Structures are given as C-alpha cells and as structure tokens.
Amino acid sequence: MNVYEKLQDCRVKLNAKKLKQTGQNKFSNYTYFELGDFIPQTMEIMKENKLASLFNFSPDKATLAIINTEKPEEQIVFESPSVITELKGGNALQNIGAAQTYMRRYLYMMALELSES
C-alpha cells in the first residue's frame with residue numbers, strides 16, 4: 001500500500017475505536033480531545049500500517065509528517081501557521097510548551113480526520 005492508503009486505513013481503524021473526549025472547557029461547557037485520548041491508539045494503528053509520524057514546530061509554522069516506513073520518500077505533510085501566546089501566569093517555556101501541545105493536537109486531528117463538535 002502507498003502512504004495514502006495506509007493513512008486512510010489508520011483513519012478508519014481509529015474511528016472504529018469510538019474515542020472519548022476527556023478534555024473539558026468548563027467556561028464554555030464543551031469537551032474536546034486531549035492528546036492522550038487518541039495518541040496511544042494512533043501509534044498502535046500506525047505501527048500496524050508501517051507508518052511513522054514526525055512533528056516539527058517553529059514560532060511561525062508547525063508540521064506533522066506521516067511517513068511510509070517501507071518507502072520513507074512517501075510522506076504526507078500537514079502544516080499550519082503557529083503562534084506563541086502568553087498564558088496567564090506562565091513563563092516563556094510554558095508558553096512554548098502550550099503552543100506545541102495545541103499544534104500537535106490540531107495537526108493530528110487534521111491528519112486523522114478526528115472531529116469535535
């Protein structure tokens with residue numbers, strides 16, 4: 001299978017797992033996916049399909065590459081502009097960590113076709 005077929009197989013298998021959203025925004029009263037809600041299952045399914053993922057972050061752009069480990073030249077790259085905002089009471093490293101966590105979550109959601117209401 002090529003990288004597109006493998007990724008689609010991962011999406012279908014992950015969707016069949018009926019993932020639960022454990023993140024809660026109490027202010028706006030909604031739930032969302034946290035990385036821990038789908039990363040363990042994603043890594044398992046990607047391993048079965050011989051795919052690897054590589055997250056890269058800079059202050060301007062974040063990318064997530066999905067790589068066919070049988071043919072590493074076959075890759076799908078998802079990207080998004082990124083920003084580092086200041087968290088209330090957070091230091092500079094915490095601000096960077098928060099931005100990376102958000103971008104990882106959003107890029108994986110994009111790559112895996114995970115949806116939230």
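Treat the numbers as computed from the prediction; the structure is a model and nothing was measured.
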Using the rule that two of Ile, Leu, Val, Met, Phe, Trp, Tyr join whenever any of their side-chain heavy atoms come within less than 4.5 Å, decide whether [X] and [Y] are in one cluster.
X: Val12; Y: Phe38; result: no
X: Leu112; Y: Val77; result: no
X: Phe55; Y: Met109; result: yes
X: Met110; Y: Ile45; result: yes
X: Leu54; Y: Phe57; result: no

Using every non-hydrogen atom in the two residues, find where [X] and [Y] come nearest and quote the distance to one decimal.
X: Tyr32; Y: Asn25; answer: CE2-N, 3.9 Å
X: Ala62; Y: Ser82; answer: N-OG, 4.0 Å
X: Leu64; Y: Ala111; answer: CD2-CB, 4.0 Å
X: Tyr108; Y: Met43; answer: OH-CE, 3.8 Å

Between atom [atom1] of [X] and atom [atom2] of [Y], what is the distance when rounded to the nearest 0.5 Å?
X: Gln41; Y: Cys10; atom1: CD; atom2: SG; answer: 12.5 Å
X: Arg105; Y: Ile39; atom1: CZ; atom2: CD1; answer: 11.5 Å
X: Thr22; Y: Phe33; atom1: OG1; atom2: CZ; answer: 9.0 Å
X: Gln94; Y: Ile84; atom1: CD; atom2: CD1; answer: 13.0 Å
X: Gln8; Y: Met1; atom1: CD; atom2: CE; answer: 11.0 Å
X: Leu7; Y: Gln75; atom1: CG; atom2: CD; answer: 12.5 Å

Is any side-chain heavy atom of [Y] closer than 4.5 Å to one of [X]?
X: Asp9; Y: Glu5; value: no
X: Asn49; Y: Met46; value: no
X: Leu107; Y: Ser80; value: yes
X: Leu19; Y: Leu114; value: yes

Requested in this report: Determine yes or no for a side-chain-to-main-chain donor-acceptor pair under 3.5 angstrom, with Asp37 supplying the side chain and Glu34 the backbone.
Outcome: yes

Query - Backbone of Thr31 reached by a side-chain donor or acceptor of Gln24 within 3.5 Å - result: no

Report task. Please report the C-alpha distance between Val3 and Ile67 in whole Å, then the side-chain angles of each, then the deciding distance to 0.1 Å, and finally whether the side-chain contact (heavy atoms from CB on, under 4.5 Å) criterion is met. Result -> CA-CA 7 Å; Val3 68; Ile67 304 155; over 6 Å; no

Just checking [X]: does its [atom1] atom have more than 12 heavy atoms from other residues, nucleotides or ligands closer to it than 6.0 angstrom?
X: Glu86; atom1: CD; result: no
X: Tyr102; atom1: OH; result: no
X: Asn29; atom1: CG; result: no

Report task. May I ask you to say whether Lys6 pairs ionically with Glu70, meaning some side-chain N is under 4.0 Å from a carboxylate O? Result -> yes

Report summary line: Result for side chain to side chain donor-acceptor pair (under 3.5 Å) between Glu74 and one of Asn68, Thr69, Asn2 points to Asn68

Query raised in the report: With no hydrogens and no angle check, do the side chains of Glu79 and Thr63 hold a donor and an acceptor under 3.5 Å apart?
Result: no

